[in-house]
Enquirer: 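Handing you a structure now.
All values below were derived from every heavy atom in this structure, side-chain atoms included, with hydrogens, water molecules and symmetry-related copies excluded. In what follows, every chain begins at residue 1, and chains take the letters A, B, ... in the order their sequences are listed.
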There are 2 protein chains.
Amino acid sequence: MKRRLLLVSNSTLHGGGYLDHCLHNISDFFGKDVKRVLFVPYALHDRDAYTKTARDKLKTLGYEVDGIHEASDPVDAVRKAEAIFIGGGNTFRLLKSLYDNKVVTEIRRRVLEDGVPYMGSSAGTNVATVSINTTNDMPIVYPPSFAAIGLVPFNINPHYLDPDTNSRHMGETREQRITQFHEEPQTPSVLGLREGSMLLVEGNKATLLGTTRARLFTRGKASVEYDPGSDLSFLLTH
Amino acid sequence: MKRRLLLVSNSTLHGGGYLDHCLHNISDFFGKDVKRVLFVPYALHDRDAYTKTARDKLKTLGYEVDGIHEASDPVDAVRKAEAIFIGGGNTFRLLKSLYDNKVVTEIRRRVLEDGVPYMGSSAGTNVATVSINTTNDMPIVYPPSFAAIGLVPFNINPHYLDPDTNSRHMGETREQRITQFHEEPQTPSVLGLREGSMLLVEGNKATLLGTTRARLFTRGKASVEYDPGSDLSFLLTH
């Protein structure tokens, strides 16, 4: 399988600028062969402004950016893409727009069959997995399904957050939410990617990158912590 | 309109037991005429345990509790109910179960036409509004619609939370999430009910109760704070 993915937890890390914490990972990932990246800004309301932000940042690495919404035919834009980057924002809006524009199947085909590199951050990481059932976002619009692009056979919870032991707020912790997910007959594995971490997938090999640990939640098992550099390829064999 | 609603932000307040912070409001609301309350435990996985919790607590106020899942015909149970209480948990699971059991329309009819008192807490408050588009919960299951029971013509965000200015976490604040909701052509008003607050609706009169303020978000306007005791009846006239 030619699959190449860079699935980033968060677009911006506290104290830094947009994508600054993973610029070298992006550069390593797209490499020197990629010249143009197709950017998908569907997760934010202002697609032009969002594309300009991504364009300005990726230009510093030497990549040109095309906004998928600038193309007259988005499916054709995916068909011709050298590389794809789906940015963060609201996951429900993003997935609904991917379906509305009929690009879900074509993105899957290009990535899994043609080996087009796929980068996602936050919501763009959620939609790369089995489903958006483990997003943190508010369900501001109703997508035709929660099934996502399905580039990996597990779920991810981006911006994974440890419980705040000083909090007096009674809303569920992130762990309690994932436990509720596991009470339903859904995907058994959920990888909690803390801010600062990302997953690199190359074919059937998966490696945790970044500066923070990740926590894996598997139905019926105790959760497990993984350090940056860990080999998580076993997640791809389900 | 006979409508009578008690819409509570949260089932448990920090430092107290289940429903303790609003027991006197519940007693005032159901009053002396109600003998039995139909409890809807669909938002949690263990319906029997959840019903026992509600039953034990409401018994201290002199009310008997029937779990809707204990009835052979849930629609008939709604048809015969003297009072309805929908408890908190996961809003997506709750709404899906309400649709699966075909009780959405019957609950609406009983409350709006027959004047059956309706109490909701947390997820049970979300489903009383126009839609669940402003829930905080993880979308662990896919309901057939986000449209809810529609007992009031606006949305509520329960467990409303002010931004934590000390946080280094980069996930959206609650206010940012509601702003994203307002970027879509959805219900213009969202009432942010902080933990400790609740809304009492009697016919066309709405009053904020409890111990904390509420924040109203209206599309295209600055948000407004309301103190306990405020008359919010204007929200019912949209």
Side-chain angles (χ1 to χ4, degrees), chain A residues 9-16 21 43-46 88-93 95-96 122 131-147 155 157-162 164 166-172 174 176-186 190 194-196, chain B residues 9-16 21 43-46 88-93 95-96 122 131-147 155 157-162 164 166-172 174 176-186 190 194-196:
Chain A
S9 171
N10 54 304
S11 309
T12 308
L13 196 61
H14 185 80
H21 69 291
L44 288 189
H45 184 64
D46 188 339
N90 184 283
T91 309
F92 294 87
R93 176 155 53 196
L95 187 61
K96 181 174 189 300
S122 194
S131 75
I132 66 163
N133 287 98
T134 53
T135 176
N136 309 307
D137 293 342
M138 189 172 267
I140 60 172
V141 294
Y142 185 69
S145 167
F146 286 167
N155 269 49
N157 179 246
H159 299 269
Y160 178 73
L161 193 60
D162 294 296
D164 175 0
N166 292 319
S167 175
R168 299 166 64 91
H169 189 72
M170 299 300 288
E172 292 87 350
R174 195 66 61 77
Q176 287 168 337
R177 292 164 192 268
I178 296 170
T179 299
Q180 287 185 336
F181 172 74
H182 276 149
E183 289 168 349
E184 303 293 331
Q186 303 276 18
V190 181
R194 289 183 180 84
E195 294 188 352
Chain B
S9 172
N10 54 304
S11 309
T12 308
L13 195 61
H14 186 80
H21 70 291
L44 288 189
H45 184 64
D46 188 338
N90 184 283
T91 309
F92 294 87
R93 175 154 55 195
L95 187 61
K96 181 174 189 299
S122 194
S131 75
I132 67 163
N133 287 98
T134 53
T135 177
N136 310 306
D137 293 342
M138 189 172 266
I140 60 172
V141 294
Y142 184 70
S145 167
F146 285 166
N155 270 49
N157 178 248
H159 299 269
Y160 178 73
L161 193 60
D162 294 294
D164 176 359
N166 292 317
S167 175
R168 298 166 65 91
H169 189 71
M170 300 299 288
E172 292 87 350
R174 195 65 61 77
Q176 288 168 336
R177 292 164 192 268
I178 295 171
T179 300
Q180 287 184 336
F181 172 73
H182 275 149
E183 289 168 349
E184 303 292 330
Q186 304 274 20
V190 180
R194 290 184 179 83
E195 294 188 352

Enquirer: Using a cut-off of under 4.5 Å on heavy-atom pairs, state which of A/Leu44, A/Leu13, A/Asn90, A/Asp164 scores highest against chain B.
Expert: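 Result: the option with the highest number of such pairs is A/Asn90.
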Enquirer: Less than 4.5 Å apart, any side-chain heavy atom of B/Phe181 and any of A/Pro139?
Expert: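 Not in contact.
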Enquirer: Between B/Glu183 and chain A, with a heavy-atom cut-off of 4.5 Å, which part of the residue counts as in contact: side chain, backbone, both or neither?
Expert: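 Both backbone and side chain.
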Enquirer: Of the backbone (N, CA, C, O) and the side chain (C-beta and beyond), which part of A/Asp137 lies under 4.5 Å from a heavy atom of chain B, both, or neither?
Expert: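 Both backbone and side chain of A/Asp137 come within 4.5 Å of chain B.
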Enquirer: Output the option from A/Thr12, A/Val141, A/Ile132 having the highest count of non-hydrogen pairs under 4.5 Å with chain B.
Expert: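 Ranked by contacts with chain B, first place is A/Val141.
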Enquirer: Count the heavy-atom pairs under 4.5 Å between each of B/Leu161, B/Asn10, B/Asn136, B/Asn157 and chain A, then report the option with the highest count.
Expert: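 Top option by heavy-atom pairs under 4.5 Å: B/Leu161.
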Enquirer: Can you confirm whether A/Thr135 sits close enough to B/Met138 that some side-chain heavy atom of one is under 4.5 Å from a side-chain heavy atom of the other?
Expert: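 No - every pair of side-chain heavy atoms lies 4.5 Å or more apart.
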Enquirer: Would you call B/His159 and A/His169 a side-chain contact if the rule is heavy atoms closer than 4.5 Å?
Expert: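 Contact flag for B/His159/A/His169 side chains = yes.
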Enquirer: In terms of heavy-atom pairs under 4.5 Å with chain B, which of A/Ser167, A/Ser145, A/Pro143 leads?
Expert: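 Ranked by contacts with chain B, first place is A/Ser145.
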Enquirer: Between B/Arg194 and chain A, which part of the residue has a heavy atom less than 4.5 Å away: side chain, backbone, both or neither?
Expert: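 Looking at B/Arg194, nothing touches chain A.
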Enquirer: Between A/Tyr142 (side chain only) and B/Pro144 (backbone N and O only), is there a donor and an acceptor less than 3.5 Å apart?
Expert: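 Yes, A/Tyr142 side chain to B/Pro144 backbone: donor-acceptor pair under 3.5 Å.
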Enquirer: Is A/Arg168 salt-bridged to B/Glu195, cutoff N-O under 4.0 Å?
Expert: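 Looking at B/Glu195 together with A/Arg168, the answer is no, because their closest N to O distance does not fall below 4.0 Å.
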Enquirer: Once rounded to the nearest 0.5 Å, what's the spacing between atom OG of B/Ser122 and atom CD of A/Glu172?
Expert: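 Rounded to the nearest 0.5 Å, the OG-CD separation comes out at 6.5 Å.
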Enquirer: Under a 4.5 Å cut-off applied to non-hydrogen side-chain atoms, are A/Gln180 and B/His45 in contact?
Expert: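 Sidechains of B/His45 and A/Gln180: no contact.
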Enquirer: Would you check, one step at a time, whether the test side chain to side chain contact (heavy atoms under 4.5 Å, CB included) holds for B/Arg177 with A/Ile140?
Expert: CA-CA 8 Å; B/Arg177 292 164 192 268; A/Ile140 60 172; over 6 Å; no
Enquirer: May I ask you to name which of A/Glu184, A/His182, A/Gln176, A/Gln186 has the most heavy-atom pairs under 4.5 Å with chain B?
Expert: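 Heavy-atom pair counts peak at A/Glu184.
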